[in-house]
There are 2 protein chains.
Amino acid sequence: MACEKIFIRELHQRGLRLTPQREMVLSALHEAKGFETAEEIYERVRRLSASVDISTIYRTLDLLHHMGFVASVDAGDGQARFALTALQEPHVHLVCQGCGRIVGVPIHEVEPLLQALRARYGFEADLDDVTLYGLCENCRGSSPSAR
Amino acid sequence: MACEKIFIRELHQRGLRLTPQREMVLSALHEAKGFETAEEIYERVRRLSASVDISTIYRTLDLLHHMGFVASVDAGDGQARFALTALQEPHVHLVCQGCGRIVGVPIHEVEPLLQALRARYGFEADLDDVTLYGLCENCRGSSPSAR
DNA sequence: CTTTTTGTTGCAACTGGTTGCAAGATACCA
DNA sequence: TGGTATCTTGCAACCAGTTGCAACAAAAAG
Ligand SMILES: [Mn+2]
Ligand SMILES: [Mn+2]
Ligand SMILES: [Zn+2]
Ligand SMILES: [Zn+2]
């Protein structure tokens, strides 16, 4: 867990504190392979300590998201999903409405759009939190499969 | 209200019914100048009939959205906002995090991005529901004003 | 006009997520 | 080491929005 060192340093820089709860959430995110719901991450943390509250999970995921360690994607089914992105280039997320798969697109692919919005509308877009919905290559041809 | 005729025709085409509640929501949306929350639209409808339930407002806004009459924008403050878009070209919405203003961008401005996603990722994006966050021209220079 | 069909509504319960607050814990310093 | 300032937590209440369901009402048929 190389990012724990970085995490602690960034916490200190912001005058925030390292707590067992924050360590457990970070650890749970390392266990998880891909995107998981807050409830799934909560279950992982409970295996480490039963007394943690779900609101602490949400608060910690939000903190990690704002620190750039975690991507948060609203998959359109009423539950957000979270995954570690530590050290990766920030990206836009594509959610397939057929199969539910989430793909990250490096933000430089979107640079032309950013420039156009800046030039035409004077708008400086922050693409850290953007999610686009549609159909992936697999799901485009075939009949839409259940999620 | 030119769109009421179209609304009735489209309802019939889908085997759905015209109800007083649906007429009142459409009328409330015509009264509203710009984007309003469900609660604000609910208040407008209540002035016409006190017994309508807020769940009916949500269900009707959702229906109108799916029929393409209404744009729905998550302004990032925990409340969605709705506005009539009848007959307009579909567009992406820009939300300024400084002043809260919502601007519509015609979808053809975003066409190059769509093509890139199609070519590079095989992903067919549906941009009807996209909202981008950032800072508008006014709010970029000055210190961020309260919403 | 009456009946029948089927879509719609109000209501209450529920969902994922947020928030105010007092108790508890961390970091820092004497 | 103990004391203090301040951050964080668990908890319970709350929020916007959704949903199951039985009563109701629009449309169509007779
Ligand atoms: Mn956040
Ligand atoms: Mn619009
Ligand atoms: Zn797919
Ligand atoms: Zn602004």
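Throughout, a chain's letter reflects where its sequence line sits, starting with A, and its residues are numbered from 1.
- A 6.0 Å sphere centred on NE2 of His66(B) holds no more than 12 heavy atoms belonging to other residues, nucleotides or ligands.
- Nucleotide dT9(D) holds its C1' atom 13 Å from the OH atom of Tyr42(A), rounded to whole Å.
- Heavy atoms of Thr37(B) sit nowhere under 4.0 angstrom from any nucleic acid atom.
- The minimum heavy-atom distance between Gly104(A) and His91(A), with the atom names listed, is CA-CD2, 3.8 Å.
- Contact annotation: Tyr58(B) side-chain N/O to dT18(D) OP1/OP2 distance is not under 4.0 Å.
- A 4.0 Å heavy-atom criterion places the boundary nucleotides of DNA chain C facing chain B at dT6(C) to dC11(C), written 5' to 3'.
- Both Ile57(B) and Gly15(B) lie near DNA chain C, and the one whose nearest nucleotide falls closer to the 5' end is Gly15(B).
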Take Arg22(A) and Glu4(A) through the test salt bridge (Lys or Arg N to Asp or Glu O under 4.0 Å) and record every step on the way to the result. CA-CA 10 Å; Arg22(A) 284 173 180 168; Glu4(A) 181 141 27; over 6 Å; no

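- For the pair Leu11(A) CG and dC7(D) P, the interatomic distance rounds to 13 Å; values are reported in whole Å.
- Between Phe69(B) atom CZ and Leu26(B) atom CG the span is 7.5 Å, to the nearest 0.5 Å.
- Per the geometry, CG belonging to Leu26(A) stands 17 Å off C1' belonging to dT8(D), to the nearest Å.
- Between Ala38(B) and Ile57(B) the shortest heavy-atom distance is O-CG2, 4.0 Å.
- Thr56(A) has a side-chain polar atom (N or O) that falls below the 4.0 Å cut-off from OP1 or OP2 of dG10(D).
- The CG atom of Leu11(B) lies 6.0 Å from the CG atom of Leu18(B); values are rounded to the nearest 0.5 Å.
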So if I define the base as every atom that isn't primed, P, OP1 or OP2, how would nucleotides 25-30 of chain D read as a B/S/- string at a heavy-atom cutoff under 4.0 Å? BBS---

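- Atom CD of Gln79(B) is separated from atom C1' of dC14(D) by 14 Å (rounded to the nearest Å).
- Here CZ of Arg81(B) is found 10.5 Å from CD1 of Ile41(B). Values are rounded to the nearest 0.5 Å.
- A salt bridge does not link Glu43(A) with Arg47(A): every distance from a Lys NZ or Arg NE/NH1/NH2 to an Asp or Glu carboxylate oxygen is 4.0 Å or more.
- Rounded to the nearest 0.5 Å, atoms OG1 (Thr85(A)) and CG (Leu64(A)) are 9.5 Å apart.
- Regarding Ile54(B), its CD1 atom lies at a distance of 12 Å from the C1' atom of dT18(D), rounded to whole Å.
- With rounding to whole Å, Arg46(A) atom CZ is found 16 Å from dT9(D) atom C1'.
- In this structure, Asp53(B) atom CG and dA16(D) atom P are separated by 15 Å, rounded to whole Å.
- Looking at heavy-atom distances under 4.0 Å, Glu39(A) makes no contact with the nucleic acid at all.
- The interatomic distance linking Asp62(A) (CG) with dT9(D) (P) rounds to 13 Å, in whole Å.
- Counting non-hydrogen atoms under 4.0 angstrom, Arg59(A) reaches a base of the nucleic acid.
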